[in-house]
S.K.: 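The structure follows.
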Amino acid sequence: MEITGIYTEILITDEEGLKELYPKKNQEEQPGLEEALKNANLNSRYTFDSFVVGSSNALAHAACVAAAEMPGEQYNPLYIYGGAGLGKTHLMQSVAHYILQQNKNAKIRYVTSETFINEFVDSIRNKNNISPAEFRRKYRELDVLLIDDIQFLIGKEGTQEEFFHTFNALYDNRKQIIIASDKPPKKIDNIEERLLSRFEVGLTVDIQLPDVETRMAILRKKEELEGYNIDNEVIKYIADNIKSNVRELEGALTKVVAKSRLIKQPVTLSLAEELLKDNITPAEKKELTPKWIIEVVAEHHGLSLSDLVSKRKNKEIVIPRQIAMYLCREMTSIPLNTVGELLGGRDHSTIIHGCDKISKELSTNEQLQSTIEVLRKKISP
Ligand SMILES: Nc1ncnc2c1ncn2[C@@H]1O[C@H](COP(=O)(O)OP(=O)(O)OP(=O)(O)O)[C@@H](O)[C@H]1O
């Protein structure tokens, strides 16, 4: 962390452990395809089959399917934008994978703009035995070009010029171009008008943050692909709490599974709570009021507000209700009568009883300790 500025976790395992963590499932490719994927610089796991479609990415997915079925015909260029870790690379590579499945000899290349820049600069310096002419040929003879993180290329004068000509050569020959970026073309700083107008000839689609149903489906898909077997309550917990992007969502599941295998224990809700307490996406910061606390507690337990304040006395509701009482007492100085009113008109002694019950339980119940810790973070990040 001190050196890279990135929070990194290191997992020490052996070959057997690795096989268990990453079983080779669904990775058998037909002969020749694997090599074609490698030559095109593609990750063989990024396919339409492994991509979960939800409302946040449906349009981008449909556009990619159309581009895969009729490359260069309909949406050219296809420009996909959205935040980090939301599936742009996965989706654009799925198009290439699909095309290669139809024709292993299709000339396809996936590059980040950083690689494009480096290769271009190397060719000018005649490094790696590639001349500028060869560099040009390599890109201008492609059937499909996928270029990721285009925002980093804009403004780099020589490279931008080179890219412009590459773009024109491919476009004029009706070759498919797919571009990914963290922002729409118009929002890229210093983008030249001539490049902007070319990007805008095609289709621009965005990918948004997935909703909770899509997050659940993504976790289920990962579980299926990796051969995990995880309880629904754990999947729901992760989907409810890791909202920032899909990369983190997948990382959370891997972390929980890895830990459970290391300690040779099943994946349980309390293990997930314990491990992920620093990863949960904080709720939007709001004023610290009992109403806010009650809302967060209800949402955390998958209950509606009306359930939490109702007269119902089943355990699934009573415990979260008492947790809400306890947190209101611990985190605010609002009179308990007011808390009682907010919790469905309960009297002072009921609130004291609920708070004391949780306090007592906390001294021995580790799962409750970790729930309270997570809730405190969500309430007051
Ligand atoms: N809808 C989805 N279904 C299945 N997996 C997904 C989905 N969206 C994203 N992923 C997975 O999330 C991870 C991150 O996705 P990806 O690298 O494509 O994001 P990105 O938008 O290109 O991010 P960045 O801008 O940081 O490069 C990948 O492992 C990818 O497979």
Side-chain angles (χ1 to χ4, degrees), residues 4-8 21-27 37 40-65 67-68 77-98 109-117 145-154 178-185 187-188 204-228 230 235 238-239 242-258 279 281:
T4 60
I6 300 167
Y7 179 73
T8 312
L21 279 174
Y22 303 107
K24 273 211 160 192
K25 249 192 120 209
N26 299 334
Q27 285 182 33
L37 293 169
N41 201 15
L42 300 174
N43 180 335
S44 62
R45 296 158 79 100
Y46 291 169
T47 63
F48 286 127
D49 283 347
S50 61
F51 190 84
V52 173
V53 185
S55 55
S56 55
N57 57 30
L59 189 57
H61 174 261
C64 283
V65 170
L78 175 57
Y79 187 107
I80 309 168
Y81 72 93
L86 294 185
K88 301 181 294 295
T89 306
H90 186 141
L91 210 40
M92 78 194 306
Q93 291 204 12
S94 303
V95 176
H97 196 124
Y98 181 96
R109 189 156 168 75
Y110 163 84
V111 270
T112 60
S113 58
E114 193 188 346
T115 305
F116 188 86
I117 297 167
L145 171 63
L146 314 175
I147 183 144
D148 211 342
D149 291 327
I150 192 81
Q151 70 276 10
F152 298 130
L153 190 146
I154 306 301
I178 308 185
I179 300 165
S181 175
D182 63 347
K183 34 176 104 65
K187 292 253 167 77
I188 299 185
T204 299
V205 283
D206 70 332
I207 301 190
Q208 302 279 342
L209 281 171
D211 56 19
V212 66
E213 286 79 24
T214 312
R215 295 200 296 274
M216 297 258 296
I218 290 172
L219 292 170
R220 285 282 175 224
K221 175 62 90 179
K222 177 136 176 108
E223 181 191 21
E224 175 199 324
L225 292 173
E226 302 291 345
Y228 302 156
I230 317 269
I235 294 282
I238 299 176
I242 313 284
K243 307 178 189 171
S244 48
N245 68 52
V246 181
R247 190 174 289 124
E248 289 224 1
L249 187 70
E250 289 189 333
L253 185 63
T254 308
K255 184 172 175 181
V256 175
V257 172
N279 302 66
T281 311

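Just follow the structure's listing: the first ligand is 1, and inside any ligand the first atom is 1.
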S.K.: Please lay out, stage by stage, how Glu248 and Asn245 fare under the test side-chain contact (heavy atoms from CB on, under 4.5 Å).
M.R.: CA-CA 6 Å; Glu248 289 224 1; Asn245 68 52; 3.6 Å; yes
S.K.: Please work out which of the three classes, parallel, tilted or perpendicular, describes the rings of Phe51 and His61, given edges at 30° and 60°.
M.R.: parallel
S.K.: Ligand 1 versus Asn245, non-hydrogen atoms closer than 4.0 Å: side chain, backbone, both, neither?
M.R.: neither
S.K.: Which residue and non-hydrogen atom of the protein lie closest to atom 18 (O) of ligand 1, and at what distance in Å?
M.R.: His90 N, 2.8 Å
S.K.: Please state whether Ala217 comes within less than 4.0 angstrom of ligand 1, counting heavy atoms only.
M.R.: no
S.K.: Taking only residues two or more places apart in sequence, or in another chain, which ones meet Ser94 in a side-chain hydrogen bond (donor to acceptor under 3.5 Å, both in side chains)?
M.R.: none
S.K.: Among Ile150, Asp149, Ile154, find the one that has a side chain to side chain contact (heavy atoms under 4.5 Å, CB included) with Phe152.
M.R.: Asp149
S.K.: In Å and rounded to the nearest 0.5 Å, what is the CE to CG distance from Met216 to Leu249?
M.R.: 11.0 Å
S.K.: Closer than 4.0 Å to some heavy atom of Ser50 - which atoms of ligand 1 meet that?
M.R.: 3 (N), 4 (C)
S.K.: Give me the residue, atom name and distance of the protein heavy atom closest to atom 17 (O) of ligand 1.
M.R.: Arg247 NH2, 3.1 Å
S.K.: Report the C-alpha separation of Leu42 and Leu146 in whole Å, then their side-chain angles, then the decisive distance to 0.1 Å, and conclude whether the side-chain contact (heavy atoms from CB on, under 4.5 Å) test is met.
M.R.: CA-CA 10 Å; Leu42 300 174; Leu146 314 175; 4.0 Å; yes
S.K.: Look at atom 22 (O) of ligand 1 and say which protein heavy atom is nearest, naming residue and atom and giving the distance to 0.1 Å.
M.R.: Thr89 OG1, 2.5 Å
S.K.: Who passes side chain to side chain contact (heavy atoms under 4.5 Å, CB included) against Asn43, sequence neighbours left out?
M.R.: Arg45, Tyr46, Gln93
S.K.: Please state which protein non-hydrogen atom is closest to atom 23 (O) of ligand 1 and give its distance, to 0.1 Å?
M.R.: Gly85 N, 2.7 Å
S.K.: Quick check for you: to the nearest 0.5 Å, what is the distance between Leu153 atom CG and Thr115 atom OG1?
M.R.: 11.0 Å
S.K.: Below 3.5 Å, N or O to N or O, backbone or side chain included: is there any such pair between Gly87 and ligand 1?
M.R.: yes
S.K.: Please evaluate residues Ser50 and His90 with respect to the criterion side-chain contact (heavy atoms from CB on, under 4.5 Å), reporting the C-alpha separation (whole Å), side-chain torsions for both, the decisive distance (0.1 Å), and the verdict.
M.R.: CA-CA 9 Å; Ser50 61; His90 186 141; 3.2 Å; yes
S.K.: Give the residue, atom name and distance (to 0.1 Å) of the protein heavy atom nearest atom 21 (O) of ligand 1.
M.R.: Lys88 NZ, 2.8 Å
S.K.: At less than 4.0 angstrom from any non-hydrogen atom of Gly83, what atoms of ligand 1 do you find?
M.R.: 21 (O)
S.K.: Does only the side chain of Val52 get under 4.0 Å from ligand 1, or the backbone, or both, or neither? Count heavy atoms.
M.R.: both
S.K.: Give a yes/no verdict on whether any heavy atom in Leu86 is under 4.0 Å from an atom of ligand 1.
M.R.: yes
S.K.: Among all protein heavy atoms in this structure, tell me which lies nearest to atom 29 (O) of ligand 1, with the distance rounded to 0.1 Å.
M.R.: Glu250 OE1, 2.8 Å
S.K.: What protein heavy atom lies closest to atom 12 (O) of ligand 1? Include the residue and the distance to one decimal.
M.R.: Val246 CG1, 3.3 Å
S.K.: Of all the atoms in ligand 1, which lie at a distance below 4.0 Å from a heavy atom belonging to Asn57?
M.R.: 1 (N)
S.K.: Using side-chain contact (heavy atoms from CB on, under 4.5 Å), reason through Leu86 and Ser56 one step at a time and then give a plain yes or no.
M.R.: CA-CA 9 Å; Leu86 294 185; Ser56 55; over 6 Å; no
